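Down below is the structure, laid out as structure tokens.
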Amino acid sequence: MNGLMAPSISLNPVGSAHVAAHPRVATGESRLVRWALISLALIFLVFFLFMPLTIVFTSALAQGMAAYFAAFREPDALSAIKLTLLAAGIAAPMNLIFGIAAAWAIAKFDFVGKSLLITLIDLPFSVSPVVSGLIYVLLFGLQGLLGPWLSAHNIKIIFALPGIVLATIFVTFPFVARELIPLVQAQGTEEEEAALTLGASGWQTFWRVTLPNIKWGLLYGVVLCNARAMGEFGAVSVVSGHIRGRTNTMPLHIEILYNEYQFQAAFAVASLLALLALVTLIAKTIVEWKAKQDGNERQAAEA
Amino acid sequence: MTFKQRSILPGFGLTLGFMLTYLSLIVLIPLSATFLKASSLSWPAFWHIVTSPRALASYRLTFGASFMAALINLLFGMLVAWVLVRYSFPAKKIFDSMVDLPFALPTAVAGIALTTIYSSHGWVGRYLDSIGIKAAYSPLGVVIALTFIGLPFVVRTVQPVLDDLDKEMEEAAASLGANRLQTFSRVILPSVLSAALTGFTMAFARAIGEYGSVVFISGNMPMKTEITPLLINAKLEQYDYAGATAIAVVMLVFSFIMLLSINLLQKWSSRHHQLASTPGAGEGQALNAPVYAET
């Protein structure tokens, strides 16, 4: 027995190197497997993410820069861009205010029915965009429940700006709230309680204590909400009525151009929305990085 | 038992009141108006509309294609999450950020881009065409669009779980004599299973309702490549409000069921996750949570 042990002890340096190398093999994959898995994953991502993004820009620029910019000088394109900015400009701030109120009530207080409320906030996520548009048509359209009253008072909601704004708000409803609730929850209530005890008013506490803590998440929530608002297609398509130059948003304008075989112009307008999507992704990366940094700073301060 | 626990923080009444008013005006009242409208239909009339052959064909395509797409996303989503968490390779951060593209890219843009790629003259469609596969304007095109739409879900639900997974468990399995495949199927897979299923269900639910990207690539032929949201839209364009409402109610009921399942799965998943992960791991998750709760 001893005789057998002796060489193994004398081989120890080699043996320990072997032991150190062993877990890497046991809890990792061989170079070949690793390479194959990475390739397969990247091929999937290239086909489904990079290719669609690339073709938007190559098709938009296929006939040169002059044709690219000409697509935006069309009066219909300009009015679609204006309407999209207007609708998102109303929908995003509305959902921002809602998101802050929801985060404050849900994350700072304990009350009965809280989880039901969170589920209800999520509801618009799971409703098909077409159905989201339809519910407003059924409420405000000519055949709708309030239709006769609205037309008697000459108020137009469906096939007009209010309908487009309502559908956009519905579709982007949960974004800011879903972003803020977990953030505010993670902050706890001690800092606010301390501020209040020291004599700050409720608003002062919110502006000076709560808001600085959640500003990055808030920013990303608004950016994402805005991107989705500007890009919404299904819901807006149902309520807009597709009146050229008047109720067409950018995605609807893209559809019309595409169906008329004006591919280059369609992709030119689409490239603006694709750029917006890229800005959103960059914002997300920055916000995650900032939040990580803040977290590290806090940990360092505590330690 | 009181409605609300005591707290010195102000603003509960104001914020809750505003939230409930806004929620009712934007979501709850319009949704109940739809059910009210549908209740004006008699039961046989409702049943006749929702089980018409054209409606049944649209359910088959919508559910079938959504299931296929969610399945593709389940497999590749786990692969992508694994590769992003465990390996390092060039431009990894860019690939990681790009996974969220389908959340941010408008569906109409995705629709025309995918149609251009997979039509018979497109970058990929031309090769598929030469081996006799028609991608755009066929059910396969619907699956491709829905795969794009649901791509981020499984990746983003599985990624944080893999990240927190205790390496010691794998080492223990390996030192007890398990080979890599056994460790994967008996240790790693069970830990990420609940998260992966949550992502799968989210991708499936999202795909069922999807409209913008599919209308361009599907070709929209009734009975063949017409998805259910498109059928609702077609009925609306013919001013068939009763028909549109009846089918919308079917979709809404299904949405509620999916929402409920996702909630239950998430509860199961977070309990699972908390048991499996080390204390404090939840902190980093706070920021990730809304990312995979999206949509």
Side-chain angles (χ1 to χ4, degrees), chain A residues 23 26-27 34 37-38 41 44-45 48-49 51-52 55-56 98 101-102 104-105 108-112 119-120 123-131 134-136 138-139 143 145 169-170 178-179 182 186 192-193 196 202 227 231 233-234 251 254-255 258 266 270 273-274 277 280-281 285 291, chain B residues 3-5 7-12 15-16 18-19 22 26-27 30-31 33-34 37 76 79-80 83 87 89 95 97-98 100-101 104-110 112-114 116-117 148 151 170-171 174 205 209 211-212 229 232-233 241 244 248 251 255 258-259 263 286-287 289-290 293 295:
Chain A
T27 61
R34 214 179 324 165
L37 291 178
I38 293 175
F44 176 72
L45 294 181
F48 277 96
L49 300 179
M51 232 188 232
I55 205 160
V56 171
F98 166 75
W104 186 266
K108 296 288 189 201
F109 300 94
D110 271 319
F111 56 92
V112 179
T119 308
L120 287 178
L123 197 57
F125 273 150
S126 50
V127 174
S128 170
V130 173
V131 179
L134 174 74
I135 61 174
Y136 292 109
L138 294 178
L139 196 59
Q143 308 264 317
L145 292 173
I169 291 180
F170 183 95
R178 286 303 300 193
E179 196 68 31
E192 278 85 359
E193 280 162 3
L196 288 165
F233 178 72
I254 293 171
E255 184 196 22
Y258 189 83
L273 291 173
T280 311
L281 294 187
T285 312
Chain B
F3 167 65
K4 166 186 163 272
Q5 294 202 334
S7 164
I8 68 157
L9 294 187
F12 177 70
T15 51
L16 188 75
F18 175 75
M19 184 173 132
Y22 191 77
I26 299 288
V27 180
L31 274 179
T34 308
K37 182 91 184 171
F76 279 93
L79 173 70
V80 169
V83 164
Y87 306 144
F89 49 90
F95 279 101
S97 308
M98 278 289 284
D100 286 320
L101 182 73
L105 192 72
T107 53
V109 178
I112 61 171
L114 289 170
T116 309
I117 293 172
F148 173 84
L151 193 144
E170 287 168 54
E171 279 161 21
Y211 175 76
I232 296 175
N233 205 25
Y241 288 96
M251 290 207 75
S255 302
M258 291 313 287
L259 194 62
N263 267 350
L287 202 84
T295 311

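From a predicted model like this one, the values you see are computed outputs, not experimental measurements. Labels below follow one simple rule: chain letters A, B, ... track the order of the sequence lines, proteins then strands, and each chain is numbered from 1.
When ring centroids are compared, A:Phe111 and B:Phe12 come within the 6.0 Å threshold.
A:Ile55 CD1 to B:Thr116 OG1: the interatomic distance, rounded to the nearest 0.5 Å, is 5.0 Å. Summarising the geometry, atom OH belonging to B:Tyr241 is positioned 9.0 Å from atom CG belonging to A:Leu134; distances are rounded to the nearest 0.5 Å. Here the CD1-CE distance, from B:Ile117 to A:Met51, works out to 6.0 Å after rounding to the nearest 0.5 Å. In this structure, CG in B:Leu79 is found 9.0 Å from CZ in A:Phe44, a value given to the nearest 0.5 Å. Note that the CZ atom of B:Phe95 and the CD1 atom of A:Ile38 stand 10.5 Å from one another [nearest 0.5 Å]. Annotation: the span from A:Leu123 atom CG to B:Ser255 atom OG amounts to 8.0 Å, rounded to 0.5 Å.
Between chain B and the residues A:Thr285, A:Leu196, A:Val127, the largest count of heavy-atom pairs under 4.5 Å involves A:Leu196. Interface remark: of the candidates B:Leu105, B:Ile112, B:Leu31, B:Ile112 forms the most heavy-atom pairs closer than 4.5 Å to chain A. Per-residue heavy-atom pair counts under 4.5 Å with chain B were compared for A:Thr280, A:Thr119, A:Leu138, A:Leu120, and the maximum is reached by A:Leu138.
Contacts of B:Phe89 with chain A are made by side-chain atoms alone, with heavy-atom separations under 4.5 Å and no backbone atom involved. Heavy-atom distances place both the backbone and the side chain of B:Ala244 under 4.5 Å from chain A. The parts of B:Leu16 that come within reach of chain A are both its backbone and its side chain, each placing non-hydrogen atoms under 4.5 angstrom from that chain.
Side-chain contact between B:Leu151 and A:Leu45 is present, with heavy atoms from C-beta onward closer than 4.5 Å. Between B:Ile26 and A:Tyr136 there is a side-chain heavy-atom pair separated by less than 4.5 Å. Between B:Met258 and A:Ser126 the shortest side-chain heavy-atom distance does not fall below 4.5 Å.
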